[in-house]
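Position 1 is the first residue of the sequence, and the numbers go up from there. The structure presented is a predicted model; accordingly, all values stated were derived computationally and were not measured.
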Amino acid sequence: MIVAHLDLDAFFAAVEELENPELRSKPLVVGGDPRGRGVVATANYEARRYGIQSAMSCAEALRRCRHAVFVRPRHSLYREYSRAVWRAVQEVVPTVERTGLDEGYLDLGEIARDFLEARRVAEAVQAAVRGSTSLTCSLGVASCKVVAKVGSDRRKPGGLTVVPPGREAAFLAPIDIRKLPGVGPKAEARMRTAGIETVGALAALGDEELRRLLPGKVGRLLRDRARGIDLRPLELDVERISISTEETFERDVADLEQLHDELRRMATRLAEHLASRKEAARTVTTKVRYPDFSIRSRSTTLPAGIDDAVTIGDLACALLDRALRDRPGPLRLVGVGVSNLEAYRQLALA
């Protein structure tokens, strides 16, 4: 498994700075009324220099920085930016688990063969987000979710941390115990009372000591995470609104005939799948990935659904030709997808 955790940097504040560039040089707090009982939703990095952080009372934030600028959250605006971010991300990495407007997990393993390629994919994601929205994001890349999440916080803003397999426990060991996902205030207080200050100290606890300190399943779960063990898969939406198949080549392919042959093989598989579900598709999409991991896709939508391999293949090849006219070059991946699915209706003779 190769997974990345993506975290947009000071997301709400970054959006407000884009909407009003004059705010960029000022300590900015997005939250409630500092003269009331409001709390800080987020703060930009200028404000964080004064110790202002999320979940702090806005009154305390004002005490720490008297010239801070406070703005009320605009959640509908943030949702718009979030949608644009995830569209850009999925142009590079199709399979994601969104855990919030500003963060989520990416399945790099379906694209990258190893961690060296995974780094290049993660860099392509950062470039895609920056290019489409002007926002920056930080990523952690690892063999499991917990290490990837900790890694994404390591080099903010705009950072990238890659933890190769076998280095998970060593990477986590020096980190403060409160930064381990899953450690709540009560567990943190118990561990600090027992002198457990780092993730490595938790990882080193024996069974008996762990049972005394953190009894039950929670203790074992947290110790596993401290050791870099986390078997959770990505949680994905299982509703099928499209069907697709793709192929990553061992070596980049420039031969058009070979690419067409591959698309027609995929079209046959898709047609068989449609037939098994008694469905037809009105939209055919061809996806291509270049050696730099950038993606282009071309689609066509028909007035009536189709389910035969020849037609799907012909359309897929024509769409490939269009993509290569726009940007010629060898490809590391091609794919075909069908969507706008509908129940197949066979015409009956009167």
Side-chain angles (χ1 to χ4, degrees), residues 5-82 85 98-104 129-130 133-140 146 149-161 172 174-199 201-202 222:
H5 182 262
L6 179 150
D7 193 5
L8 291 166
D9 300 317
F11 177 46
F12 293 178
V15 170
E16 296 295 343
E17 289 175 356
L18 288 175
E19 295 289 311
N20 182 2
E22 293 181 0
L23 295 173
R24 288 176 180 164
S25 59
K26 301 175 181 179
L28 172 65
V29 178
V30 179
D33 184 353
R35 292 167 183 81
R37 301 177 64 183
V39 297
V40 175
T42 194
N44 69 358
Y45 289 96
E46 182 66 24
R48 293 181 192 193
R49 292 170 53 194
Y50 295 87
I52 298 172
Q53 53 191 309
S54 300
M56 174 183 289
S57 75
C58 288
E60 175 62 24
L62 182 61
R63 280 193 290 271
R64 295 190 180 204
C65 182
R66 286 293 174 183
H67 61 286
V69 177
F70 288 79
V71 300
R72 291 294 183 95
R74 296 190 284 175
H75 294 290
S76 61
L77 178 64
Y78 306 148
R79 283 193 292 271
E80 288 180 22
Y81 273 89
S82 178
V85 165
R98 303 183 208 181
T99 56
L101 289 177
D102 59 345
E103 65 175 315
V129 171
R130 189 167 53 249
T133 65
S134 297
L135 295 168
T136 64
C137 60
S138 298
L139 278 86
V146 68
K149 184 169 175 63
V150 173
S152 68
D153 194 49
R154 190 66 181 273
R155 292 191 173 97
K156 279 185 162 289
L160 171 59
T161 299
L172 294 172
I175 291 171
D176 190 280
I177 194 67
R178 74 175 179 277
K179 293 188 176 182
L180 182 69
V183 173
K186 290 183 179 179
E188 180 187 351
R190 283 188 178 188
M191 286 189 279
R192 291 201 189 280
T193 300
I196 307 296
E197 301 285 343
T198 65
V199 175
L202 170 58
L222 291 178

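Thr133 approaches Val129 most closely through the heavy-atom pair OG1-O, 2.7 Å. Nearest approach of Ala61 to Val40, heavy atoms of both residues: CB-CG2, 4.0 Å. For the residue pair Ala68 and Val29, the shortest heavy atom distance occurs at CB-CG2, 4.4 Å. Of all non-hydrogen atoms in Phe70 and Gly32, the two that sit nearest each other are CD2-O, 4.2 Å. Across Ile196 and Ile177, no two heavy atoms sit closer than the pair O-CG2, 4.1 Å. Taking every heavy atom of both residues into account, Ala187 and Leu222 meet most closely at CB-CD1, 4.5 Å.
Take Tyr50 and apply the ring pair (Phe, Tyr, Trp, His ring centres under 6.0 Å) test, not counting sequence neighbours, and it matches His67. By the ring pair (Phe, Tyr, Trp, His ring centres under 6.0 Å) test, Phe11 pairs with no residue at all, sequence neighbours left out. Asp9 pairs by the salt bridge (charged side-chain N to carboxylate O under 4.0 Å, His left out) definition with Lys156, not counting sequence neighbours. When the side-chain hydrogen bond (donor to acceptor under 3.5 Å, both in side chains) test is applied to Arg79, no partner is found at least two apart in sequence or on another chain. Legend: residues meeting salt bridge (charged side-chain N to carboxylate O under 4.0 Å, His left out) with Arg130, ordered by chain and number and at least two apart, are absent. Residues forming a side-chain hydrogen bond (donor to acceptor under 3.5 Å, both in side chains) with Glu17 (at least two apart in sequence, or on another chain): Asn44. Judged as a side-chain hydrogen bond (donor to acceptor under 3.5 Å, both in side chains), and not counting sequence neighbours, Arg24 has no contacts. Ser152 is linked by a side-chain contact (heavy atoms from CB on, under 4.5 Å) to His5, Asp7, counting only residues two or more places apart in sequence or in another chain. Residues passing the side-chain hydrogen bond (donor to acceptor under 3.5 Å, both in side chains) test with Arg63 are Glu60, sequence neighbours excluded.
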Dump the intermediate steps for side chain to side chain contact (heavy atoms under 4.5 Å, CB included) on Val146 and Leu180, then the final yes or no. CA-CA 8 Å; Val146 68; Leu180 182 69; 4.0 Å; yes
Under the side chain to side chain contact (heavy atoms under 4.5 Å, CB included) criterion, do Leu101 and Leu8 qualify, and how do the steps go? CA-CA 9 Å; Leu101 289 177; Leu8 291 166; over 6 Å; no
Check the pair Val183 / Met191 against side chain to side chain contact (heavy atoms under 4.5 Å, CB included), numbers first and verdict last. CA-CA 10 Å; Val183 173; Met191 286 189 279; 3.8 Å; yes
Report the C-alpha distance between Leu139 and Cys137 in whole Å, list the side-chain angles of each, state the deciding distance to 0.1 Å, and finish with yes or no for side chain to side chain contact (heavy atoms under 4.5 Å, CB included). CA-CA 7 Å; Leu139 278 86; Cys137 60; 3.6 Å; yes
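Within the structure, salt bridge (charged side-chain N to carboxylate O under 4.0 Å, His left out) contacts touching residues 45-54 (residues at least two apart or in different chains) are Glu46-Arg49. Sequence neighbours left out, the pairs with a member in residues 187-198 that pass side chain to side chain donor-acceptor pair (under 3.5 Å) are Asp176-Arg192, Glu188-Arg192, Arg192-Glu197. Sorted by first and then second residue, the ring pair (Phe, Tyr, Trp, His ring centres under 6.0 Å) pairs with a member in residues 16-38 form an empty list; sequence neighbours excluded.
When side chains are defined from C-beta on, Ser138 does not count as touching Asp153, because their heavy atoms never get closer than 4.5 Å. Side-chain contact between Pro27 and Ile52 is absent, with no heavy atoms from C-beta onward closer than 4.5 Å.
Put simply, the side chain of Arg154 never gets that close to the backbone of Thr161: no donor and acceptor are under 3.5 Å apart. Looking only at distances, a side-chain donor or acceptor of Ser54 sits under 3.5 Å from a matching main-chain atom of Ala41. Not one N or O on the side chain of Tyr81 forms a donor-acceptor pair closer than 3.5 Å with the backbone of Leu77.
A parallel orientation is assigned to the rings of Tyr78 and Phe12, their planes being inclined by less than 30° (bins at 30° and 60°).
The CZ atom of Arg74 sits 5.5 Å away from atom CD of Glu19, with the distance rounded to the nearest 0.5 Å.
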